[in-house]
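For this chain, numbers begin at 1 and follow the sequence in order. Because the structure is predicted, anything quoted here is derived from the model rather than measured. Each ligand, and each atom within it, is numbered from 1 in the order the structure gives.
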Amino acid sequence: MNVPFYEKLWMWAAGILIVAFLATIIVGVAGSALAPPSHVETIDPTKVWADPRFANRGTTSDEHGTTVVAVAMMFAFEPNEIRVPAGRPVTFRLTSTDVIHGFQIVGTNGNTMVVPGYVSQFTTVFRTPGEYLIVCNEYCGLAHHVMSAKLIVEEAGP
Ligand SMILES: [Cu+2]
């Protein structure tokens, strides 16, 4: 059978695309199906309070930047008030002691799921000093709507 050149070209192009799409699905499913969206660091959710990584909750700063360690639980964040400097990278490290929670800093790009068994981590910079509301944006139970905290972004020193 004599298949014209352009017909062959398009068949090969379509075949290559199908293989590429399948490869994307396979790599995506195999690589990240059960992992949270940030890096993968695990923790026993029943032993969060005894874990040294979450022993000192709150804000610490050194020459590399600022780190905030916090725990999400039904129906609060600990600590409930977080202070960070403006204009500097702030890394949040969060985990949950019970169910899936959310950690959304309203009006900023700070937003992550907090999944029991994992440490969620993200880094962001707050340009504008002020008070920000932190809400849980994953329905976590009857008092989900009262689960909030406050972020205070302070004018950084020189
Ligand atoms: Cu919650």
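- The only option from Asp44, Val48, Thr42, Asp51 that meets the side-chain contact (heavy atoms from CB on, under 4.5 Å) definition with Thr95 turns out to be Val48.
- Side-chain atoms of His144 come within 3.5 Å of backbone atoms of Glu138 as a donor-acceptor pair (strictly under, hydrogens ignored).
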- Let me see the working for Tyr118 and Glu41 under side chain to side chain contact (heavy atoms under 4.5 Å, CB included), right down to the final yes or no. CA-CA 6 Å; Tyr118 292 98; Glu41 180 180 339; over 6 Å; no

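- Using a cut-off of 2.8 Å, one finds that Cys140 contributes an N/O/S atom close to the Cu ion (ligand 1).
- Here Met147 reaches the Cu ion (ligand 1): one of its N/O/S atoms is less than 2.8 Å from the metal.
- Thr67 and Thr60 share no side-chain donor-acceptor pair at under 3.5 Å.
- Residue His101 approaches the Cu ion (ligand 1) most closely through its N/O/S atom ND1.
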